[in-house]
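Note sheet for the following structure.
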Number of protein chains: 2
Amino acid sequence: MKKPTMRDVSRVSGLSVYTVSRALSEDPTGVTAESRERVVAAAKELGYVPNRAAQQLRRNTRSSVAVITSSTSNYYYIDLMRGIQGTLRDSGRTVVVADIAAEGYYSPEIEDATIQDLIQSRSAGVISTLALRQENLDLLRDWQIPIVFVDSQPPATARSLPAITMANYEAGMQVGEHLASHGYDSWLFLAYPVLWSTRFERERGIREAAEKFGAELVVLESPNNVDGAFATLSGFLDAPGATPPRALIAGNNPMIHGAYSVLRDRGIAIPDEVAVVGFDDFAWAGLLDPPLTVLDEDSEAIGVKAARTLTRIMDDQRTAEDSGQSPSPHYQPGDQQEVKGELVIRRSCGCQSEVTDD
Amino acid sequence: MKKPTMRDVSRVSGLSVYTVSRALSEDPTGVTAESRERVVAAAKELGYVPNRAAQQLRRNTRSSVAVITSSTSNYYYIDLMRGIQGTLRDSGRTVVVADIAAEGYYSPEIEDATIQDLIQSRSAGVISTLALRQENLDLLRDWQIPIVFVDSQPPATARSLPAITMANYEAGMQVGEHLASHGYDSWLFLAYPVLWSTRFERERGIREAAEKFGAELVVLESPNNVDGAFATLSGFLDAPGATPPRALIAGNNPMIHGAYSVLRDRGIAIPDEVAVVGFDDFAWAGLLDPPLTVLDEDSEAIGVKAARTLTRIMDDQRTAEDSGQSPSPHYQPGDQQEVKGELVIRRSCGCQSEVTDD
DNA sequence: GGAAGTAATCTAAACGTTTAGGTGGACGGT
DNA sequence: ACCGTCCACCTAAACGTTTAGATTACTTCC
């Protein structure tokens with residue numbers, strides 16, 4: 001079967017391609033109801049489906065939104081994507097996923113290649129969970145592709161770009177306060193690399209809390225995956241003369257997982273010997289042994305907000321273009337939003353009362 | 001900044017668009033090294049990036065692979081995607097994610113719209129975690145878009161299509177045998193809808209095991225999400241005269257989650273009062289309370305196999321087309337693979353010995 | 001020196017859409 | 001009967017690439 005084109009529909013219906021195009025468009029003005037019916041019938045008979053590449057070329061439109069992520073080892077990504085997908089579906093845009101730091105190891109080459117790819121396919125917009133290289137941000141700007149950061153901040157040199165983030169400093173502070181309220185005075189922050197920019201503010205919050213409450217703080221950096229966290233924490237505990245902390249703060253999902261595994265393997269009791277608090281809630285947190293106290297960031301809501309912000313920017317861009325103005329993305333101050341995190345208290349921190357959630 | 005086209009590069013370099021095109025192509029034959037340098041320099045100076053829509057239109061090629069999923073409430077999806085993404089990246093194809101059953105509720109309209117969309121964008125191939133409507137399979141066939149099913153089977157009317165599945169019948173059997181070995185004789189299978197075709201074989205295996213070992217079996221169908229599972233199981237237990245089963249088999253991740261939540265909320269001890277076995281391993285299974293015995297299907301390996309199979313088919317297709325033959329996708333018998341599941345014994349089934357994993 | 005070959009380059013026609021600018025006919029008002 | 005309006009429709013030119021076929025310049029060989 002040869003793929004039917006608009007010309008075929010034109011031939012079968014006996015109407016010109018112009019009329020066919022008009023009849024099949026969103027807003028079929030200038031076409032009699034009867035003609036349109038003939039066109040639709042012919043299209044159906046032939047199994048005609050428009051060629052998007054040709055449409056995009058001619059109309060100079062973009063249709064897909066790329067999500068740049070370090071996703072796949074981090075479970076919050078599922079909720080985030082759900083939020084993004086659900087919101088974007090309504091606006092009729094496709095979601096393309098580009099994982100540039102699979103398994104927690106980041107490579108600049110993959111980042112560059114990915115950006116090139118996005119530009120080649122003339123993406124409509126980008127949502128990124130990672131800070132990107134300045135060079136690549138410049139490229140996106142030149143090509144007028146709007147970007148929204150989620151979870152992570154834009155890099156220091158481009159702080160005005162839209163970003164939906166958690167109030168990470170306050171979150172770190174909050175965690176620290178809670179640990180202090182239990183009387184713990186030696187803390188360990190098991191952290192992922194700074195490439196994920198949430199790290200910076202979270203650490204700052206924790207650090208200030210430690211100072212304020214006179215706790216001792218060790219920050220331990222691990223690759224952003226479970227095995228790395230496991231190895232890093234094991235290595236720390238095995239070092240000669242090392243003393244385990246009284247409380248452990250796990251920076252994100254993989255860190256939590258690694259930490260729980262290490263503690264369980266060594267028979268260290270949570271929370272009696274070491275208390276644990278994690279960042280980023282996830283479905284199973286309440287069913288772990290013991291149920292994990294986390295600072296929850298509501299990833300789905302963040303995803304929804306990011307998608308909405310991006311949609312607004314893209315829509316503005318299109319109307320600006322239609323009225324002949326510059327199609328540069330127009331960012332507003334309100335495009336930077338902070339979402340408050342919430343401490344979900346379960347038992348790993350030492351609290352008795354477990355909140356009833358799932 | 002106006003977006004530079006090939007014509008601009010041609011003007012700046014002083015060479016024709018033909019030479020520019022050749023010089024920038026993968027295999028720059030018929031161009032002097034010097035000319036090519038001039039072209040590359042001009043392209044770089046202008047910040048030229050080829051327009052993929054134009055390329056696709058002219059070359060009649062496809063570049064992106066769509067993953068159709070019911071993903072986002074099911075955690076095995078992460079591992080699956082990791083397998084697919086990693087494999088496909090190497091072959092230079094983009095991955096597009098289309099979620100047609102978010103939250104476990106499926107809608108045929110979304111399925112149809114998604115398929116239309118895939119055809120419009122002339123996708124190179126499809127990987128689907130769900131059985132699709134016959135009508136849509138016909139469409140994909142007409143448009144010569146190859147498809148590989150993962151996890152799920154193709155629908156009954158198209159059994160010859162490629163599929164990478166777990167040996168679900170054997171898996172069900174295996175679970176049944178293990179429960180029987182503990183002496184449990186009343187089982188409850190908490191299942192998701194048949195739309196996810198793994199359901200059928202899993203149930204058959206369990207059913208036959210129940211017969212073989214003389215156990216009583218109740219099958220309870222729930223929407224494919226956590227809340228649905230919670231409600232369904234609660235409803236069952238609350239029914240007048242209902243007796244809780246001695247063993248509960250949870251059909252997949254959301255079912256496990258719902259079941260664990262219900263049992264914990266009601267203070268029913270696992271495994272002493274009700275033993276639990278789940279399908280599909282996930283990262284946290286070993287850290288739950290109690291650690292969950294599961295039938296693991298190695299989703300990442302399945303993803304890798306699916307992506308490899310699809311890549312082979314797409315490559316064949318292209319070479320066939322280049323040599324003037326029919327570009328219909330050519331499926332081989334070996335494209336149907338079954339991956340063996342493995343019973344990972346932890347404690348929720350009643351076993352004492354816990355395997356040390358993660 | 002000239003025929004014949006070869007390699008580098010060019011010109012121009014596609015690919016499948018959308019859309020500016022025209023054509024022609026029906027209608028109504030004078 | 002004439003002019004002007006409107007409307008449905010058409011023709012043809014784009015959009016940014018790739019590529020078949022033509023052209024040119026340069027070698028090589030007799």
Side-chain angles (χ1 to χ4, degrees), chain A residues 2-40 42-43 46-63 116 119-122 143 318 321-322 324 327, chain B residues 2-40 42-43 46-63 116 119-122 143 318 321-322 324 327:
Chain A
K2 202 74 202 125
K3 287 150 202 168
T5 83
M6 203 166 247
R7 207 185 316 279
D8 298 318
V9 179
S10 156
R11 196 165 23 73
V12 170
S13 67
L15 294 159
S16 78
V17 284
Y18 166 82
T19 311
V20 174
S21 174
R22 295 271 60 223
L24 295 176
S25 77
E26 298 259 315
D27 164 40
T29 55
V31 178
T32 30
E34 192 224 327
S35 298
R36 196 180 41 179
E37 257 169 48
R38 268 164 66 196
V39 168
V40 170
L46 291 168
Y48 168 75
V49 179
N51 181 324
R52 173 116 11 116
Q55 287 182 323
Q56 292 197 174
L57 175 58
R58 178 57 235 239
R59 287 204 288 222
N60 191 25
T61 57
R62 296 98 173 267
S63 68
Q116 281 295 316
I119 296 179
Q120 287 199 17
S121 61
R122 304 292 191 264
W143 287 91
R318 179 174 302 186
E321 197 163 15
D322 286 352
Chain B
K2 201 74 201 127
K3 288 150 202 169
T5 84
M6 204 168 245
R7 206 185 315 279
D8 298 318
V9 180
S10 158
R11 196 165 24 72
V12 171
S13 67
L15 293 158
S16 77
V17 284
Y18 166 82
T19 311
V20 173
S21 174
R22 296 271 59 223
L24 295 176
S25 78
E26 297 260 313
D27 164 40
T29 56
V31 178
T32 21
E34 193 224 328
S35 297
R36 195 180 42 183
E37 259 170 46
R38 269 165 63 197
V39 168
V40 171
L46 291 168
Y48 168 75
V49 179
N51 181 324
R52 173 127 355 126
Q55 288 182 322
Q56 293 198 174
L57 176 58
R58 179 58 235 239
R59 288 203 288 219
N60 191 26
T61 57
R62 295 95 175 271
S63 70
Q116 281 295 315
I119 296 179
Q120 287 199 19
S121 62
R122 304 293 192 262
W143 288 91
R318 181 176 300 188
E321 196 162 15
D322 286 352

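Just so we're on the same page: letters track the sequence lines, and every chain starts at 1.
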Check: Rounded to the Å, how far apart are B:R59 CZ and D:dC15 P?
Finding: 21 Å
Note to self: Students often get this wrong, so: under 4.0 angstrom with heavy atoms, is B:N60 touching a base, only sugar-phosphate, or nothing?
What the structure shows: nothing
Margin query: Rounded to whole Å, how long is the line connecting atom CZ of A:R7 with atom P of D:dC10?
Written below: 14 Å
Check: When the distance from CZ of B:R122 to C1' of C:dG16 is rounded to whole Å, what number comes out?
Finding: 9 Å
Note to self: I want to verify a distance call: between C:dT17, C:dT9, D:dC9, whose nearest atom is closest to the B:Y18 side chain?
What the structure shows: C:dT9
Notebook entry, point to check: In terms of side-chain heavy atoms, does B:S25 have a donor or acceptor partner in B:R22 at a distance below 3.5 Å?
Noted result: yes
Note to self: Quick check for you: among D:dC9, C:dT9, D:dT17, whose closest atom lies nearest to any side-chain atom of B:S35?
What the structure shows: C:dT9
Next item on the list: Could you check if a side-chain atom of A:L24 sits within less than 4.5 angstrom of a side-chain atom of A:P50, using non-hydrogen atoms only?
Entry: no
Notebook entry, point to check: At under 4.0 Å, does any side-chain N or O of B:S16 touch on OP1 or OP2 of C:dT9?
Noted result: no
Next item on the list: From the options C:dT17, C:dC10, D:dT17, select the nucleotide whose nearest atom is closest to the side chain of A:Q55.
Entry: C:dT17
Check: Rounded to whole angstroms, how far apart are NZ on B:K3 and C1' on D:dG16?
Finding: 13 Å
Check: Does B:T32 reach the main-chain N or O of B:E34 with its side chain, forming a donor-acceptor pair under 3.5 Å?
Finding: no
Next item on the list: Please report, rounded to the nearest Å, how far the P atom of C:dT11 is from the CE atom of B:M6.
Entry: 16 Å
Next item on the list: Verify the contact: side-chain N or O of B:T5 to OP1 or OP2 of D:dG16, cut-off strictly under 4.0 Å; return yes or no.
Entry: no
Next item on the list: Let me know the distance between CG of B:L24 and C1' of D:dG16, rounded to the nearest Å.
Entry: 13 Å
Next item on the list: Identify the heavy atoms of A:T19 and A:L15 that sit nearest to each other, and give their distance.
Entry: CB-CB, 4.2 Å
Next item on the list: Starting at atom CH2 of A:W143, determine the distance to atom C1' of D:dG16, rounded to an integer number of angstrom.
Entry: 11 Å
Notebook entry, point to check: Which nucleotide, C:dA8, D:dC15, D:dC10, lies nearest any side-chain atom of B:T32?
Noted result: C:dA8
Note to self: Side chain of B:V17 only, heavy atoms from C-beta on: which candidate in D:dG16, C:dC10, C:dA12 is closest?
What the structure shows: C:dA12
Note to self: On the side chain of B:R58, is there an atom forming a donor-acceptor pair with the base of D:dT17 - under 3.5 Å, no angle test?
What the structure shows: no
Notebook entry, point to check: Heavy atoms under 4.0 Å, any strand shown: does B:T19 hit a base, just sugar-phosphate, or nothing?
Noted result: sugar-phosphate
Item checked: Side-chain (B:R122) to main-chain (B:I119) donor-acceptor, under 3.5 angstrom -> yes
Checklist line | Between C1' of C:dC15 and CG of A:L57, the distance in whole Å | finding: 9 Å
